[in-house]
Amino acid sequence: MDRGIDRAEQGAGTEPAEPGRVPLAVVVVDRDGLVSHWSRGARRLFGVPKEEAIGRTASDLLPVSGALSEEQDPLGHAAVDGLGPGLGSSLDGGLSYPAAGRARLAASGEDRVDVLWWAYPLVGSGPERLLVLAAGTDGLGADGGLFERIAPGFALHTDFPGAEELARRLPEILPSMSVGESARIVAQVLELGYPILEFSQSDRVPVTPDWGVARRAERRARRERAARALAAGEPVPEELRDEGEDLEYAAVRERLEFLNEVSGRIGTSLDLSRTIVEVSRAVVPRFTDVAGTYLREQVVAGEGFEDGVPDTTTMWHRVALEHTDEPGRWDDVVPVGEAMPFPAHTPFFQCMTSGEPVLVPRISEEMGHAIAAQFEKRDIRPLITGRSMLVVPLKARNVVLGFMILLRHPERTVFNDMDRVTGAELAARAGLVLDNARMYTFQENVAETLQDSMLPHIPSRMTGCDIATRYLPGTLLGRVGGDWFDAVKLHGGRTAFVVGDVMGHGLNSAAMMGQLRTAVQTMAGLDLPPAQLLRNLDDLAQRLGDGYLATCLYAVYDPIAGELHLANAGHIPPVLVRAADGRSELLDLPTGAPIGVGGVPFEAVRVRVEPGDRLVMCTDGLVEVRGEDIGVGLATLCESAAHPAASMDDACDTIIRALNTRGGRKDDVALLMARLGGIEPDDVAEWRLALDPAEVGRARAAVREQLHDWGLAKLAAPAELMAGELVTNAVRHAHARPVALRLVRGDTLLCEVDDDDHELPTLLHAGPLDEAGRGLRVVSTLSREWGTSRTKDGKTVWFELTLPRR
């Protein structure tokens, strides 16, 4: 407090009083009520170190032990300018306008601290919620009761003296933040009112933040002289030797504090993009006025790259640019996202090849012209000429990942050797953080690629049904999991639906999942019944090794019979949504034991379905949340599955939104939904043929006639030829049971021939004199697809033809 207050006391009221300089404690409280900034003044006033204050609840650090009495506070600090809330309610977030007052706070030990305080609510996109300025009352009552007469308040007039001083000094004691954020806070403080000290209803003195300039002006001047000598590399005069030593010690301590602060602000996550922004913002404006960050192309992509020194062909991406210039000044000239190489004559190339910082005290016009030559049709010289530049490499494990270009305004002290050391240490810490983020991104990309390669690409339409699927990875630490789904085409127009979940996460679970999925596809292609398929899968899991467990739900849909054939191995039951009334239900299936337990029987059930019914199968990661009964998730699944939707994709999204927004999900999720369309009886034609070669001609005629009735005359010739070949083979090899011939008109034309011989035919190379082998060669050549499979009573040989476009 200087002589401005004395003048106000003596004769204020006739002229506006001069500003009073008060050493202020500055505290910033975020939206969670936690301290995000704790100035040196706050440490001196309240006795709590910054490292202990940051992140703590503000009301714990500033506990109001009791209001002052009327005798202690004759002006009534709780009602100054009509601003009523006390400090406690301000810290608790109950403040929507500025408040000021006096309070007695509990300090360290049994002491009590009487303080004057001003609180400003902050609005906007930043995390800051409240700015608190506080000053101790020590010394205010030493001259005859001044303390008992003074009260803090606000000057709400724009012409009140001290505004310009406040606007200039307040940013110096605010947190190290971007220019935009600092300007936002200062603008709000000026708009809400300048802090003042009120002696009576008419005597007010504006207060400006101060570090004790008035008390230390002479010593500061001496230090500035010593600093200029040190910066110029000259010997410090004898009379300033103490100040020089103090200055060097203070500078080292300040740089260490700065590096520790930066280390705490960068690397808060393994997200590469966020880390880049953190590194760039950590140095502006405290260390530099402009910070441009460049990274290797492979680092930005999260890829690996070969070791070695970069060269003139290495592409560098400008990934961030922070500055204190007016908004937009750099955007068009050096936009973020641009990639470019750097010629060998530039200081940037010297930095990236040597791995050492490069200091340019002042960028000359000649150097500015050389740097600007790299930017086609853009003149960068006005932005860089005359500025001090420091280029520091971003290294990790002796590999240069990128570099930072740091520039200071011409009026600011140029970078010196101590700044070079500080910049190198800063870059080393930042480089390690960036490399950790890069490697994590690389591993994450590998994991996602592996996961994607293991998930099938299922067509949205298969015979008699429409299909939609979703896969959601688990937490960032377990993006590779063991959940899978599949849809396998079977003969007879049937489709097998599979959903499974290998217990655990990571590459081992993913590898196990890949093996089980391949085995299911193979056994489904052999048309094993659901219960037998799970039995074989359990045997396979036992052979793969102990400790592997998986759940699996296997369902076969027959669109001609209108039936589902299902078996379950410890999996959550599927949901069936009935088209007739929109009702959904969990199918009651024998649960069975998980795959890998061994020695447990599996049972299968058959369920009748109608065209339009929907089958929903998922893994437990969708319905199970830690701390919640799984029945809640299953009920939500049934409810959301029954919700009307315009498409299958919309129906899947509805389920995901209903279940994935509850929070607490850690597991990956596989979801498969099938709308069971069925095949109409009029689209199926069947014949029984005797074991007589003469039946071959009858079969050809029946196929030709049926295709004409269906309006598929264009397919008649190839279809009757191939059907004749299959019937010929069946009649020749069958034993006792008649041969069955069936045509199915669905998404394709399907022709099947069944007989009671279990020997599967194979495709042979038929020579000119061979009597056998030409029939299947004809089928293989003319059909879209063909195949064979064993049945309970023999085998089936089938082929498909593509339907002509209508």
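In this chain, numbering begins with 1 at the start of the sequence shown. Since the model is a prediction, treat every value here as computed from it, not as a measurement.
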Q | Minimum heavy-atom distance between I595 and F602, given as atom pair plus value | A | CD1-CZ, 4.1 Å

Q: Go through the steps for E686 and L743 under the test side chain to side chain contact (heavy atoms under 4.5 Å, CB included), then give the verdict.
A: CA-CA 6 Å; E686 298 181 276; L743 291 179; over 6 Å; no

Q) Can D539 and R535 be counted as an ion pair, charged N to O under 4.0 angstrom? A) yes

Q: Would you confirm whether D435, through its side chain, and A396, through its main-chain N or O, come within 3.5 Å as a donor-acceptor pair?
A: no

Q.
What I want to find out is whether K795 reaches D754 closely enough, with some N-O distance under 4.0 Å, to be called a salt bridge.
A. no

Q) Can you name the nearest heavy-atom pair linking E603 to P590, along with the distance? A) CB-CG, 3.9 Å

Q. Is it true that a side-chain atom of Q542 and a backbone atom of V597 form a donor plus acceptor pair closer than 3.5 Å?
A. yes

Q: Please report the closest heavy-atom contact between P559 and T463, naming both atoms and the distance.
A: CG-O, 4.1 Å

Q | Polar contact flag, side-chain donor to acceptor under 3.5 angstrom, H643-T654 | A | no

Q.
Run the side chain to side chain contact (heavy atoms under 4.5 Å, CB included) test on L721 and L782 for me, step by step, so that the C-alpha distance in whole Å, both residues' side-chain angles and the decisive distance to 0.1 Å come before the verdict.
A. CA-CA 10 Å; L721 174 61; L782 298 180; 3.8 Å; yes

Q | Non-hydrogen side-chain atoms of R470 and I655 separated by less than 4.5 Å | A | no

Q: Taking all non-hydrogen atoms of both residues into account, name the closest pair between E297 and H317 and its distance.
A: CG-NE2, 3.4 Å

Q. Any chance the side chains of Y471 and D668 put a donor and an acceptor closer than 3.5 Å?
A. yes

Q) Hey, are R745 and D683 close enough for a salt bridge, meaning a charged N less than 4.0 Å from a carboxylate O? A) yes

Q: Please report the closest heavy-atom contact between G570 and T551, naming both atoms and the distance.
A: O-CG2, 3.2 Å

Q: Report the distance from atom CE of M512 to atom CH2 of W484, rounding to the nearest 0.5 Å.
A: 8.5 Å

Q) How far does CG of D756 sit from CG of L691, to the nearest 0.5 angstrom? A) 7.0 Å

**Q.** Heavy-atom closest contact (C552 atom, L537 atom, distance)
**A.** SG-CD2, 4.3 Å

Q. Donor-acceptor pair, Y557 side chain versus G678 backbone, under 3.5 Å?
A. yes

Q: Answer whether the closest heavy-atom distance between the side chains of L576 and S584 falls below 4.5 Å.
A: no

Q. Atom NZ of K792 and atom NE2 of H758: how far apart are they, to the nearest 0.5 Å?
A. 11.0 Å

Q) Quick check: does any side chain N or O of T636 sit under 3.5 Å from a backbone N or O of V632, one acting as donor and the other as acceptor? A) yes

Q: Go through the steps to decide whether L622 and I572 satisfy the test side chain to side chain contact (heavy atoms under 4.5 Å, CB included), and finish with yes or no.
A: CA-CA 11 Å; L622 183 61; I572 62 173; over 6 Å; no

Q: Give a yes or no on whether the backbone of L672 and the side-chain of T469 come within a donor-acceptor separation of less than 3.5 Å.
A: no

Q) Rounded to the nearest 0.5 Å, what separation is found between the CG atom of L615 and the CD1 atom of I467? A) 10.0 Å

Q | Nearest-0.5 Å distance, SG of residue C751 to CG of residue L707 | A | 9.0 Å

Q: With side chain to side chain contact (heavy atoms under 4.5 Å, CB included) as the test, would you mind laying out the steps for D466 and R461 before giving the verdict?
A: CA-CA 5 Å; D466 298 308; R461 174 72 184 175; 3.1 Å; yes

Q: Check whether more than 12 heavy atoms from other residues, nucleotides or ligands sit under 6.0 Å from atom CD of E585, and answer yes or no.
A: yes

(Q) Take a 6.0 Å sphere around CG of D581 and say whether it holds more than 12 heavy atoms from other residues, nucleotides or ligands. (A) yes

(Q) Looking only at side-chain N and O atoms, does S789 offer a donor or acceptor that is under 3.5 Å from a partner on D527? (A) no

Q) So, N729 and E725: side-chain donor and acceptor under 3.5 Å apart, yes or no? A) no

Q. Looking at R578 and D613, does any basic side-chain N land under 4.0 Å from a carboxylate oxygen?
A. yes

Q | Stepwise salt bridge (Lys or Arg N to Asp or Glu O under 4.0 Å) test for E785 and K489 | A | CA-CA 12 Å; E785 191 174 355; K489 178 180 179 180; 3.1 Å; yes

(Q) Would the distance check show the side chain of R494 and the main-chain N or O of H491 forming a donor-acceptor pair, the cut-off being under 3.5 Å? (A) yes

Q | Pairwise side-chain contact, L434 with L295, heavy-atom cut-off 4.5 Å (strictly under) | A | yes

Q. Is the shortest heavy-atom distance from the side chain of L490 to the side chain of T495 under 4.5 Å?
A. no

(Q) Are V616 and L671 packed together at the side-chain level, in the sense that at least one heavy-atom pair is separated by less than 4.5 angstrom? (A) yes

**Q.** Heavy-atom neighbours of Q521 CD exceed 12 at 6.0 Å
**A.** yes

Q.
Between D755 and R737, does any side-chain N to carboxylate O distance fall below 4.0 Å?
A. no

Q. Just wondering, do L803 and D747 contact through their side chains at under 4.5 Å, heavy atoms?
A. no

Q: Could you grab the distance from atom CG of L776 to atom OG of S780, nearest 0.5 Å is fine?
A: 8.0 Å

Q | Any side-chain heavy-atom pair of L712 and P804 under 4.5 Å | A | yes

Q: Determine yes or no for a side-chain-to-main-chain donor-acceptor pair under 3.5 angstrom, with E752 supplying the side chain and G492 the backbone.
A: yes

Q | Min side-chain heavy-atom separation T522-V520 under 4.5 Å | A | no

